[in-house]
Amino acid sequence: MLGLAALSGMIAVGAGAFGEHGESSAVARDWLKTGAEYGLAHALAVYAAFALMRADARFAEAAGWLLLAGGIVFSWSLDLMAITGDHALGMVTPIGGPLMLAGWLALAVSAFAGGGKATP
């Protein structure tokens, strides 16, 4: 989980940099920027879920996987759409939203149920 989150963060940084410095299409730049923002935020959130997992908080592992899956589906589909120009990938992007929302909810439940006592 942490390895995939780290790779997702790396891809988000690369995609954001490419959007800022290498992409000429304004639409593609916006997709890359949005994907980078969501990708970075959710990669970091996976680390919060992992900290709660170490504290044996309920729902923490589910939160981590949901945040990771949602961040990857949402961000990477935007990145691929921007890079390839294949707008059909846009049909996949909205699937990431509910996964991310469910991940954040599971993270909140985990924090409240575990008292937020995470150990690094």
Side-chain angles (χ1 to χ4, degrees):
M1 182 186 302
L2 293 180
L4 286 172
L7 288 174
S8 184
M10 181 192 75
I11 289 169
V13 170
F18 178 70
E20 189 64 32
H21 303 289
E23 180 56 54
S24 58
S25 163
V27 172
R29 272 196 312 273
D30 286 344
W31 288 337
L32 289 165
K33 180 181 178 186
T34 300
E37 290 170 354
Y38 279 77
L40 283 172
H42 289 84
L44 291 174
V46 171
Y47 278 81
F50 184 76
L52 287 169
M53 282 171 43
R54 298 214 37 213
D56 290 328
R58 294 177 18 211
F59 304 108
E61 185 172 3
W65 287 114
L66 287 164
L67 289 163
L68 184 61
I72 286 173
V73 168
F74 184 85
S75 300
W76 293 9
S77 64
L78 287 176
D79 295 344
L80 288 170
M81 195 165 54
I83 292 166
T84 67
D86 184 358
H87 290 219
L89 293 165
M91 296 187 320
V92 175
T93 307
I95 296 168
L99 290 171
M100 291 185 289
L101 291 170
W104 282 108
L105 178 60
L107 188 62
V109 169
S110 181
F112 288 125
K117 299 175 192 168
T119 56

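Shown here for Ser75 and Gly39, the closest heavy-atom pair between the two residues is OG-N, 3.0 Å. When all heavy atoms of Ala63 and Gly103 are compared, the pair lying nearest together is CB-O, 3.6 Å. In terms of heavy atoms, Ser25 sits closest to Glu23 at N-OE2, 3.1 Å. Contact record, Ala45 with Leu67: CB-CD1, 3.7 Å, taken as the closest heavy-atom pair. Closest approach of Ala5 to Ala43, counting heavy atoms only: O-CB, 3.3 Å. Gly90 and Pro94 get closest at one heavy-atom pair: O-CD, 3.1 Å.
Atoms CG and OH, on Leu2 and Tyr47 in that order, are 4.5 Å from each other to the nearest 0.5 Å. Atom CZ in Phe18 sits 6.0 Å away from atom CD1 in Ile83 (nearest 0.5 Å). Note: His21 NE2 to Leu32 CG = 12.0 Å, rounded to the nearest 0.5 Å. Lys33 NZ to Leu78 CG: the interatomic distance, rounded to the nearest 0.5 Å, is 13.5 Å. Within the model, atoms CZ of Phe112 and CG of Leu107 stand 10.0 Å from one another, a figure rounded to the nearest 0.5 Å. Between the CE atom of Met100 and the CZ atom of Phe74 there is a distance of 5.0 Å, given to the nearest 0.5 Å.
Val92 and Met81 are assigned to two separate hydrophobic clusters, defined by single-linkage of ILVMFWY side chains at heavy-atom distances under 4.5 Å. Criterion: ILVMFWY side-chain heavy atoms under 4.5 Å apart, direct or through other members. Under it, Ile11 and Leu44 are not part of a common hydrophobic cluster. Phe59 and Leu99 fall into different hydrophobic clusters, where Ile, Leu, Val, Met, Phe, Trp and Tyr are joined by side-chain heavy atoms under 4.5 Å apart, directly or via other members. If you chain together hydrophobic residues whose side chains sit under 4.5 Å apart, Met10 and Met1 fall into the same group.
At a threshold of 4.5 Å between non-hydrogen side-chain atoms, the residues Val73 and Thr93 do not count as touching. Side-chain contact between Val13 and Leu40 is present, with heavy atoms from C-beta onward closer than 4.5 Å. The shortest side-chain heavy-atom distance between Ile72 and Leu68 falls under the 4.5 Å cut-off.
Side-chain N or O atoms of Ser8 include none that pairs as donor or acceptor with a backbone N or O of Leu4 at under 3.5 Å.
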